[in-house]
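If you're wondering where the values come from, they're calculated on a predicted model, not measured in any experiment. Counting starts at 1 for both ligands and their atoms, following the listed order.
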Amino acid sequence: MARPLPGPIPETYARDISRVLIESEAIQQRIREMGAQIAYDYGDLRPLFVGVLKGVLFFMADLLRAVHIPLEVDFMAISSYSPETREHGVVRITKDLETPLQGRHVIFVEDMIDTGLTLNYLLRLLQTRNPASLHVAVLFDKPSRRLVDIKPRYLGFRLPDLFVVGYGLDYREQYRNLPFVGVLKPEAL
Ligand code: IMP
Ligand code: MG
């Protein structure tokens with residue numbers, strides 16, 4: 001019998017999780033470190049944090065509160081042409097940024113890099129808008145699954161090649177509000 005899951009979480013979710021991979025407090029601690037590093041690196045450059053909805057919502061909210069310098073934030077939304085095959089990372093922009101990137105120091109924030117195809121596509125798109133700089137902050141990285149060479153400047157955790165949920169990451173839109181990152185039981189998939 002696995003030990004009880006930490007924190008008040010929905011009962012049905014608790015039943016579906018086989019184990020916790022990264023505890024909530026470890027996530028928060030790492031984000032505080034990342035935030036301090038970003039604040040140190042950017043100083044008074046007033047960086048623009050850019051995120052893709054919806055997975056990045058939780059990470060973005062916690063990261064921004066850990067970056068103690070003036071900053072701005074904007075979001076975009078995308079839909080993959082084919083969620084099944086992920087069509088070589090080609091995505092459709094369903095909501096674009098409202099902020100012009102020209103001359104801005106942009107930090108692209110992602111919850112997860114898996115194959116890297118989505119991120120690669122979006123970075124190339126944002127680069128065409130002539131930002132002064134463009135770097136990546138990612139919370140979770142599965143390097144063993146990478147198909148394109150992307151090295152995030154700020155990285156939270158390296159993960160093994162496992163499908164995980166929680167802290168923004170979903171399975172069929174569920175589990176995003178779990179405070180930790182966990183692995184689903186096979187029967188929940
Ligand atoms: P990729 O890097 O183009 O393969 O796609 C990365 C995206 O796939 C992430 O932003 C997540 O939305 C999703 N993703 C990848 N791995 C997982 C996982 O283990 N759990 C939930 N979503 C995932
Ligand atoms: Mg997703």
Fill in: Sub-3.5 Å N/O-N/O distance, I113 and ligand 1
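Among all N and O atoms of I113, none is under 3.5 Å from an N or O of ligand 1.
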Worksheet item: Between F163 and ligand 1, is there a nitrogen or oxygen pair with a distance under 3.5 Å?
Response: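 In this structure, F163 places no N or O atom under 3.5 Å from an N or O of ligand 1.
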Fill in: Pick from E110, K142, R176, R146: the one approaching atom 17 (C) of ligand 1 most closely through a non-hydrogen atom
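Nearest heavy atom to atom 17 (C) of ligand 1 lies in K142.
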Below 4.0 angstrom, N of the basic side chain to O of the carboxylate: do [X] and [Y] qualify?
| X | Y | value |
| --- | --- | --- |
| D62 | R32 | no |
| D170 | R176 | yes |
| D111 | K54 | no |

Can you tell me if [X] contacts ligand 1 (heavy atom of the residue under 4.0 Å from the ligand)?
| X | result |
| --- | --- |
| D111 | yes |
| G55 | no |
| L162 | yes |
| V52 | no |

Going by distance alone, is a donor N or O of one side chain under 3.5 Å from an acceptor N or O of the other, for [X] and [Y]?
| X | Y | result |
| --- | --- | --- |
| T115 | R145 | no |
| D74 | T99 | yes |
| Y154 | Q37 | no |

Could you list which atoms of ligand 1 come closer than 4.0 Å to a heavy atom of [X]?
| X | result |
| --- | --- |
| V164 | 18 (C), 19 (O), 20 (N), 21 (C) |
| D170 | 21 (C) |
| M112 | 6 (C), 9 (C), 10 (O), 15 (C), 16 (N), 17 (C), 18 (C), 19 (O) |
| T118 | 1 (P), 3 (O), 5 (O) |

Discussion item. I'd like to know whether L139 forms a side chain to side chain contact (heavy atoms under 4.5 Å, CB included) with M112, so could you lay out the CA-CA distance, the side-chain angles of the two residues, the decisive distance to 0.1 Å, and finally the verdict.
Written reply: CA-CA 6 Å; L139 187 54; M112 162 85 76; over 6 Å; no
Worksheet item: Short question: side chain of K142, backbone of I113 - any donor-acceptor pair under 3.5 Å?
Response: no
Item to complete: Of the side chain and backbone of L119, name the one, both, or neither that has a heavy atom under 4.0 Å from an atom of ligand 1.
Response: neither
